[in-house]
Every structure is written in C-alpha cells, then in structure tokens.
Protein chains: 2
Amino acid sequence: MKKSVHTDCSSAMLPVRDAIDVISGKWKLLILISISSGNHRFTEIQKSIPKITAKVLSNELKDLEQNKLIERKIIEGYPVMIEYNTSSYAETLGDVIKALRDWGINHRKKITGK
Amino acid sequence: MKKSVHTDCSSAMLPVRDAIDVISGKWKLLILISISSGNHRFTEIQKSIPKITAKVLSNELKDLEQNKLIERKIIEGYPVMIEYNTSSYAETLGDVIKALRDWGINHRKKITGK
DNA sequence: CGGAATCCTCTACGATACTG
DNA sequence: CAGTATCGTAGAGGATTCCG
C-alpha cells in the first residue's frame, strides 16, 4: 500500500465543509442575527439588513427553514401575518457567530490600523 | 425624529459581515486547515482538498496572502520551490474554525440521525 | 513543479415590477 | 404585508491546455 505524499486532513476539513455548506453566503448568519435580535416579520428583517432584496431574503428564509434553523408561523387574521423565529437548534450556532464577530472586530482593527 | 420600526442590530451584524467577507467561499478555511496540517507545497495542498482545481487554489492563495493569512516563500534551487505557511495572524482564526468544526460535527449527527 | 491562459457554466445575487 | 415573477449580471468555480 502506497503512502500518500500529502498530509491527510480530511477529518478536520469535513465538518468545516459541512458547516460552510449550511451557512454559506453573505446573508444567512445576518438573517439569524436579525431575527434573534427581535425582528420577526419579513419586512422588519428586510429593513434591518442593508441591501438585501425581497427575493434574496425570501430564498434564504426558505433555506434556513429547510435546515431547521428558523420556524415560519402563520398568524391568522386580517391580514394574515407571518412570523419568523429562530429555532432552539439555531442557538447551537451561537459559538460560531460569536467567534466570527470577535474575529471580525479584531480584523477591522487590524486593517483600519485601529 | 422618527423611531424605526425594526430592531437595529447593525452593530451585531457588522463584524460578522466583515469576517464573512474575508473567509467566504468554499475554500479559504479548508486551505488554511490543510496548510496548518502540514501541507506546504502547492501540489500537496491541491491533493489534500478534494475537487479543488489549480486555478481556484491559485486564486485563493493570492487572496489569503493579501489578507496576511498566509505567507509565500520562494526557495531557490533546482527547481525553485514554493512554500506556503500560515501566518501568526491566521492563528487568530482558530476559534472560528473550531466553532465551525464543532457545529459541523453536531449538524451531521443531526441530519444523518447520528 | 507551480502555476497562467483560455473558455465555459452555473448560481448567487441584484433591480424592478407586480400580486393576493 | 409578504412575498412572486422576470430579467439581468458578476463572479465563483470548473475543464482543459499550455508554459518556464
């Protein structure tokens, strides 16, 4: 059996790849932050995130719902209202978001020269 | 002055957005993992990451170098060799990678039913 | 070996308009 | 209000070939 000439790090990469597949893109984490900050209505979320369009938001919300990270609730009435809430599962992303936020703060200091 | 009707969470989103801008895409973190796992040559790195092409790897390496996350070293000789190493600054991404890895492991358990 | 060049595809993302 | 429909674009990513 031939030894490979490079270091095998697939076991380290696989889970990271899994995570990236789910939360990749510019918007998903921002949407989760917005919802967990108190924005639960479609229009609220849209206004809270600069530059996001209705179409993109709509698609991302569907993605997040399929991945069980948010829940979509229909509130009957006139008019019908829709409410989005983060799931308890989304809370497991807390460490990821915190790590990214901390690093982002530090990185901005570094490139702007503090 | 009119109060906005949505919760303002821009201060929470901004750093996350900064971080996403730098490490976004399918490859950058995987490349960093590969290099820090012991792969320092272009071909080694390429072989260690399934499906990545030379062009994509080349572009990503340039990006990472510009963001001071890796260092490119030319080793004179016959033939000339190139060596990539992670910078000390890249180590600050450790928490991000760890958080993503942990979450990815957990997520895979969840969707595959353990 | 470590890429660059070329050409191509695909899709995330965007602008605008419209609807129940 | 909460989207959908349509059209369009840019760039990420891919396949293949070539080069010093």
Side-chain angles (χ1 to χ4, degrees), chain A residues 4-7 13 16-17 19-32 34-35 38-67 69-86, chain B residues 4-7 13 16-17 20-32 34-35 38-67 69-85:
Chain A
S4 66
V5 68
H6 66 277
T7 303
M13 292 188 331
V16 176
R17 180 166 242 171
I20 289 174
D21 283 347
V22 176
I23 63 171
S24 65
K26 297 164 63 177
W27 305 114
K28 291 195 180 61
L29 291 179
L30 303 182
I31 292 167
L32 288 175
S34 174
I35 297 176
N39 298 307
H40 302 288
R41 312 288 302 284
F42 188 93
T43 317
E44 283 175 4
I45 301 169
Q46 190 180 359
K47 278 190 268 189
S48 74
I49 303 178
K51 305 281 186 184
I52 197 168
T53 63
K55 178 183 134 188
V56 168
L57 178 55
S58 175
N59 287 337
E60 302 282 9
L61 286 171
K62 281 175 195 161
D63 260 27
L64 291 169
E65 196 187 353
Q66 278 182 17
N67 282 313
L69 292 169
I70 61 172
E71 282 149 16
R72 184 180 190 271
K73 191 169 157 191
I74 301 168
I75 302 176
E76 303 296 345
Y78 306 95
V80 168
M81 289 184 186
I82 311 288
E83 201 179 278
Y84 292 98
N85 282 284
T86 55
Chain B
S4 67
V5 68
H6 66 277
T7 303
M13 291 187 333
V16 175
R17 180 166 240 170
I20 289 174
D21 283 346
V22 176
I23 63 170
S24 65
K26 298 163 61 177
W27 305 114
K28 291 195 180 61
L29 291 179
L30 303 182
I31 292 167
L32 289 175
S34 175
I35 296 177
N39 297 307
H40 302 287
R41 311 287 302 284
F42 188 92
T43 316
E44 282 175 4
I45 300 169
Q46 188 179 0
K47 276 189 270 189
S48 75
I49 304 179
K51 303 282 185 185
I52 197 168
T53 63
K55 178 185 139 189
V56 169
L57 178 55
S58 176
N59 287 337
E60 301 282 3
L61 287 170
K62 281 175 196 162
D63 260 29
L64 291 169
E65 197 188 352
Q66 279 181 17
N67 282 314
L69 291 170
I70 61 171
E71 283 148 15
R72 185 179 191 270
K73 190 169 158 191
I74 301 169
I75 301 176
E76 303 295 346
Y78 306 96
V80 168
M81 288 185 185
I82 312 288
E83 202 180 278
Y84 293 96
N85 281 285

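Atom set for the values below is all heavy atoms of this structure, side chains included, hydrogens, waters and symmetry mates excluded. Proteins get letters first, then strands, A, B, ... in listed order; numbering begins at 1 in each.
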Per [X] side chain, nearest of listed nucleotides [options]:
X	options	value
Thr43(A)	dG3(C), dA2(D), dG14(D)	dA2(D)
Lys55(A)	dA2(D), dA15(C), dG13(D)	dA15(C)
Ser58(A)	dG14(C), dG3(C), dT4(D)	dT4(D)

Select base, sugar-phosphate, or nothing to describe what [X] touches, counting heavy atoms under 4.0 Å on all strands.
X	answer
Tyr78(A)	nothing
Glu60(A)	sugar-phosphate
Lys28(B)	nothing

Which residue lies more 5' along DNA chain C, comparing Ala54(A) with Lys51(A) via nearest heavy atoms: Lys51(A)

OP1 or OP2 of [N] sitting under 4.0 Å from any side-chain N/O of [X]?
X	N	result
Arg41(B)	dC1(C)	no
Lys62(B)	dA4(C)	yes
Arg72(A)	dG3(D)	yes
Lys26(A)	dG14(C)	yes

Which heavy-atom pair separates [X] from [Y] by the least distance, and what is that distance?
X	Y	result
Phe42(A)	Leu57(A)	O-CD2, 3.7 Å
Asn39(B)	Ile45(B)	O-CG1, 3.7 Å
Gly25(B)	Ile20(A)	O-CG2, 4.0 Å
Lys26(A)	Leu30(A)	O-CD1, 3.3 Å

Nearest-Å distance for atom pair [atom1]/[atom2], residues [X] and [N]:
X	N	atom1	atom2	answer
Ile74(B)	dC1(C)	CD1	P	18 Å
Leu57(B)	dG13(D)	CG	P	12 Å
His6(B)	dA2(D)	NE2	P	14 Å
Arg17(A)	dG13(D)	CZ	P	11 Å
Leu61(A)	dG3(D)	CG	P	7 Å
Gln46(B)	dG13(D)	CD	P	15 Å

